[in-house]
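Note that ligands are numbered from 1 as they come in the structure, with each ligand's atoms numbered from 1 the same way. Since we're looking at a predicted model, the values are computed, not measured.
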Amino acid sequence: MISASQIPLLLICPGQAVIDSYGDSSDAAIDGTREHEELLGGMLTGDLPDTPRGRALALVAVPEGTKTEVAVAIDLDNFRARVLPSVGHRDYRAAKPRELVGQGDLLAIAASWAGELKTGAVWVDSSRWNAQLWFFGLALMLLNGVRAAVRLNLYQVNARGSLRDDAGYSPSSAQLWQFFDRLARLRETVDEQREQRQAGNRLALVRGPHCRYCRAVMSCPAIDEATGDGNLGARHQKALAELARAQAAVEQTGQLLDADEYDLGDAKLVRRTKWRRHVNPARALEAIPALAPLATTRTTTSLTMGAVDKYAEGLAIGGTKKERREAMTRLLTDKGAIHHSQTESWEVR
Ligand code: SF4
């Protein structure tokens, strides 16, 4: 079954639709789906998570009547579209075998509006060129008639909260009919690929930079054929090595965030930078009035830890500078004049 999210890649490499692992989902993709669902729900209710992505999406307004994760089917043979009864993510059980299906992230059917939310780091095609969004544009035209002006919007927000709102695009009905023809040709090509496979013939697999987004890459014969001897091609091996490195880095980062220190090996230790000290000037001056000349007074009195350390170092009492600093810190801490806050920095020792 051809689904909207697969159309952009299928238009480049139609043979992938008949590879065994086509449509498999990775753990990372499943995790991404959960976050995606949470963000979509929040865009309607305003209850967005307090994360960079959540804060960025709080600025987006969607049309009235918008629903999230609406499954639709397009029947190319009868020029019809319909909303599928679905429970859960990408539930296309109610679709007929020849229908094309898709789950619209944000769909306001009465307003003929479709929005797509992407949370990946690689920028995807804007709504003017985005085949996945055009699938929903076509569905809206088939549902509401050619006179209803269709509007498409792409929102992409990365992990740092950088939001790209592409301001939308309104394809004409003529453009949507052309897209209809493209989908019909795509479906024919996929049918042909199925026959080729049954006959044991080579598939129309088109390798290129897009392969890095293909879920069938791990069992793609075109990649395996790259060295001509059934071994993995050099680019594939390099990609696997990079994937392993990235997975190790993610695991290391997770362990680091869970603990206060992490052993990097080679006698190197990553540690959470210890606590930052803050001085309460009123309490410090109450405990040691001699600190008063070090407190800057304009509208408020402030006293830095650096100034306190300098004062301690210069005291004409016994011990080393370090001992005098530590004694002063202890004294002020006991008097409630110093408190500590944890930092988010890390250091390698
Ligand atoms: S890995 Fe590339 S060539 Fe192979 S099926 Fe995917 S897109 Fe096509």
Side-chain angles (χ1 to χ4, degrees), residues 1-33 36 74 76 89-90 92 95 97-103 105 116 118-136 138 154 156 179 181-247 250:
M1 192 172 278
I2 296 174
S3 77
S5 60
Q6 297 159 343
I7 289 171
L9 266 186
L10 281 177
L11 287 168
I12 304 171
C13 176
Q16 66 178 269
V18 297
I19 291 180
D20 283 341
S21 61
Y22 183 66
D24 284 358
S25 218
S26 63
D27 287 349
I30 291 166
D31 286 349
T33 303
H36 190 255
I74 293 180
L76 295 173
H89 187 67
R90 296 197 178 156
Y92 302 132
R98 299 286 295 161
E99 285 178 323
L100 273 57
V101 294
Q103 182 176 276
D105 281 348
E116 195 67 25
K118 297 288 178 199
T119 53
V122 180
W123 293 131
V124 302
D125 286 342
S126 71
S127 51
R128 190 182 179 104
W129 314 108
N130 190 301
Q132 186 178 357
L133 255 177
W134 278 57
F135 174 91
F136 297 105
L138 177 60
L154 178 86
Q156 184 158 11
F179 185 68
D181 289 341
R182 276 183 89 190
L183 291 187
R185 283 197 300 274
L186 174 64
R187 193 179 61 172
E188 270 172 35
T189 310
V190 170
D191 288 345
E192 281 164 19
Q193 289 299 296
R194 215 160 270 132
E195 286 164 17
Q196 294 295 336
R197 187 189 148 143
Q198 271 162 8
N201 295 332
R202 285 171 78 95
L203 300 175
L205 297 169
V206 182
R207 282 190 291 141
H210 53 274
C211 292
R212 79 184 83 157
Y213 309 116
C214 175
R215 292 199 189 151
V217 70
M218 298 308 274
S219 57
C220 171
I223 299 285
D224 288 353
E225 282 163 5
T227 58
D229 59 3
N231 293 321
L232 298 182
R235 282 169 64 189
H236 191 185
Q237 283 176 333
K238 194 171 157 208
L240 288 179
E242 277 173 15
L243 177 65
R245 263 200 301 278
Q247 282 170 336
V250 167

Heteroatom test (N, O or S) for Cys13 near atom 8 (Fe) of ligand 1, limit 2.8 Å: yes
Arg197 side chain to Leu203 backbone, donor-acceptor under 3.5 Å: no
Ser3 side chain to Gln6 side chain, donor-acceptor N/O pair below 3.5 angstrom: yes
Contact atoms of ligand 1, heavy-atom distance to Cys211 under 4.0 Å: 1 (S), 2 (Fe), 3 (S), 7 (S)
Salt bridge (Lys or Arg N to Asp or Glu O under 4.0 Å) evaluation trace for Asp191 with Arg98: CA-CA 10 Å; Asp191 288 345; Arg98 299 286 295 161; 2.9 Å; yes
Which residue and heavy atom of the protein sit nearest atom 3 (S) of ligand 1, plus the separation: Val206 O, 3.5 Å
Residues Arg182, Trp134; criterion side chain to side chain contact (heavy atoms under 4.5 Å, CB included); working and verdict: CA-CA 11 Å; Arg182 276 183 89 190; Trp134 278 57; over 6 Å; no
Atom indices of ligand 1 within 4.0 angstrom of Ile19 heavy atoms, with elements: 5 (S)
Close-contact set for ligand 1 against Gln16 heavy atoms, below 4.0 Å: 5 (S), 7 (S)
Derivation and outcome, side chain to side chain contact (heavy atoms under 4.5 Å, CB included), residues Ser5 and Arg90: CA-CA 10 Å; Ser5 60; Arg90 296 197 178 156; 3.7 Å; yes
Closest non-hydrogen atom pair between Leu10 and Leu186, with its separation: O-CD1, 3.6 Å
Atom 6 (Fe) of ligand 1 - nearest protein heavy atom and its distance: Cys214 SG, 2.4 Å
Close side-chain approach of Val124 to Glu116, heavy-atom, < 4.5 Å: no
N/O/S atom of Cys220 inside 2.8 Å of atom 2 (Fe) of ligand 1, strictly under: no
Identity and separation of the nearest protein heavy atom to atom 7 (S) of ligand 1: His210 CD2, 3.5 Å
Per-atom contacts of ligand 1 with Leu205, taking only distances under 4.0 Å to non-hydrogen atoms: 5 (S)
Arg207 neighbourhood, listing ligand 1 atoms whose heavy-atom distance to it stays under 4.0 Å: 3 (S)
